[in-house]
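Quick caveat: nothing in here was measured; it's all calculated off a predicted structure.
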Protein chains: 2
Amino acid sequence: MNIAPLLNSISKYISLTDKEIEYLESKVFVRKYLKGQYIVQQGDVCKYECYVLSGCTKTFYIDKEGQEHIIMFSIEDWWTSDMGSFISQTPADFNVQCLENSELIMISYDVVEDLYREIPQLERFFRKIVERAFVASQKRIVRNFSLTAKEQYLYFREQYPLIEQRIPQYMIASYLGITKEFLSKIKSQLILEQ
Amino acid sequence: MNIAPLLNSISKYISLTDKEIEYLESKVFVRKYLKGQYIVQQGDVCKYECYVLSGCTKTFYIDKEGQEHIIMFSIEDWWTSDMGSFISQTPADFNVQCLENSELIMISYDVVEDLYREIPQLERFFRKIVERAFVASQKRIVRNFSLTAKEQYLYFREQYPLIEQRIPQYMIASYLGITKEFLSKIKSQLILEQ
DNA sequence: AAATGATGTTAAACTAGTTTAACATCTCTT
DNA sequence: AAGAGATGTTAAACTAGTTTAACATCATTT
């Protein structure tokens, strides 16, 4: 089982003993998903926090008009789940679906308390991970408030060049909160400008 | 020094020994601000995480056109700061200003590591606080995506009735991401409807 | 190579929310 | 009680982004 990328990621914030690494390894598992498969479904209780080893996922919800809205993408070395559902074990607001064949490290709700008890430092690691996620989320709200759709697209392209290449345009439009037609218009404007 | 409300809030997630409470008490302090005073200023490094004992604050930023955008309000029993600035000790994106005379418990960046070392459980407490803040922030993004301005206003009114009464309408408009003129229009529509 | 389904483009008509500007009301200070 | 400053309202002209609908392109399957 190859959890090395996760251990490497953890080691940026805390250092674990060999025993702790062994314990962590014994409590998590790796799971493969095919393109199109769901990791979390809206309405189900989210049982896992997932670390992406390879592949790509989208987190989205379907609104009352049946429209899909993409909240985030996750690629290698990112975390994904429906945190609201996970922490309170209530029905998920979001779906998480694989956009490519993917390999994830799964941390179950059933073991996460054991992990925190045996490896108290993990509490710190996840605190820091969530702090960063919160800051990123606030910054996204700021961008929504003060940037035009075109500016938001340029920001996305600059910030996540790797993601843009792997994902169809209409999903990027959904992530930006605009229609695919309008994104298409923005792109043709940008081509004319340069 | 009255930190009882904070201790009460902490006790919902973890339990502290008398010694730990004493240590916590020795490391934090209470500070009073007058209406209009700034707790954090855009561009400065945010030195504190603040727990609101009494009063009310707004967190906002000024965009490149000089427009103010309100990110959040904080009242009794809420936390406030510029977390992005605090965790990485870099210049703040946000201002935090008091809308009423306020009393805050201040936790300095200089002592927060001591606190985590002496009271490891606090790591858990803050992890949970930030998890909730992150979930709330994601839900706000969802509302921005799928609700009209009127629906967002109704949600705000239902969710934070206490805040609405304490704050001028134009700040609520700013929080919702709309102009004060349009909020005024929404309100007159709502009056006609009922 | 034809057919199918998924993705992307273009353009016209439309709408939610903005801008501008004038005016109304309220509260605090003197 | 008069004036000033902050807050709130109304309405007309405007614009960023949506909707609808038709068509273009590309990859995959048969």
**Report entry** Terminal axes of the helix from C/dA1-D/dT30 to C/dT30-D/dA1 (five pairs each): angle between them, nearest 10 degrees
**Finding:** 30°
Query raised in the report: Got a second to check how far A/L183's CG is from A/Q152's CD, nearest 0.5 Å?
Result: 11.5 Å
Requested in this report: Verify the contact: side-chain N or O of A/T179 to OP1 or OP2 of D/dG17, cut-off strictly under 4.0 Å; return yes or no.
Outcome: no
Query raised in the report: Which nucleotide, D/dG8, C/dT7, D/dG17, lies nearest any side-chain atom of B/P168?
Result: D/dG8
Query raised in the report: Can you name the ring-ring contact (aromatic ring centres under 6.0 Å, His included) partners of A/Y13, sequence neighbours left out?
Result: A/F125
Query raised in the report: Taking only residues two or more places apart in sequence or in another chain, which ones pass side chain to side chain contact (heavy atoms under 4.5 Å, CB included) with A/Y170?
Result: A/P168, A/K180
Check nucleotides 25-30 of chain C against the protein and report each pair of N or O atoms closer than 3.5 Å, with its distance, or say if there are none.
none

Requested in this report: With the side chain of A/F182 defined as its heavy atoms from C-beta on, choose the nearest nucleotide among D/dT18, D/dG8, C/dG17.
Outcome: D/dT18
Query - Listed once per pair and sorted, the salt bridge (Lys or Arg N to Asp or Glu O under 4.0 Å) pairs that draw on residues 33-53 of chain A, sequence neighbours left out - result: A/K47-A/D110
**Report entry** Interatomic distance where NZ belongs to B/K150 and C1' belongs to C/dA16 [whole Å]
**Finding:** 12 Å
Requested in this report: Enumerate the residue pairs fulfilling salt bridge (Lys or Arg N to Asp or Glu O under 4.0 Å) with a member in residues 185-194 of chain B, sequence neighbours excluded, ordered by first and then second residue.
Outcome: B/K150-B/E193
Report task. Could you identify which residues of residues 137-148 of chain A place a heavy atom less than 4.0 Å from some atom of DNA chain C, listed by residue number, or say none? Result -> none
Query raised in the report: To the nearest Å, how far apart are A/I178 CD1 and D/dG17 P?
Result: 8 Å
Query raised in the report: Are A/F86 and A/L122 connected in the hydrophobic side-chain network, where two residues link if heavy atoms are under 4.5 Å apart?
Result: yes
Query raised in the report: In Å, rounded to the nearest 0.5 Å, how long is the span from OG of B/S174 to CZ of A/F145?
Result: 7.0 Å
**Report entry** A/F60: ring-ring contact (aromatic ring centres under 6.0 Å, His included) partners, not counting sequence neighbours
**Finding:** none
Query raised in the report: Got a salt bridge between B/K128 and B/E123, using NZ or NE/NH1/NH2 to carboxylate O under 4.0 Å?
Result: no
**Report entry** Summary of salt bridge (Lys or Arg N to Asp or Glu O under 4.0 Å) pairs that have at least one residue in residues 153-174 of chain A, sequence neighbours excluded
**Finding:** A/E76-A/R166, A/E100-A/R166
Report task. For nucleotides 20-30 of chain D, just jot down a letter per nucleotide in 5' to 3' order: B, S or -, based on protein non-hydrogen atoms under 4.0 Å. Result -> BB---------
Requested in this report: Not counting sequence neighbours, which residues clear ring-ring contact (aromatic ring centres under 6.0 Å, His included) with A/Y61? List them please.
Outcome: A/H69
Query raised in the report: Going from CD on B/Q138 to CZ on A/R140, what distance comes out if it is rounded to the nearest 0.5 angstrom?
Result: 9.0 Å
**Report entry** Listed once per pair and sorted, the salt bridge (Lys or Arg N to Asp or Glu O under 4.0 Å) pairs that draw on residues 3-23 of chain A, sequence neighbours left out
**Finding:** none
Report summary line: To the nearest angstrom, the CD-P distance between B/Q189 and C/dG17 comes to 10 Å
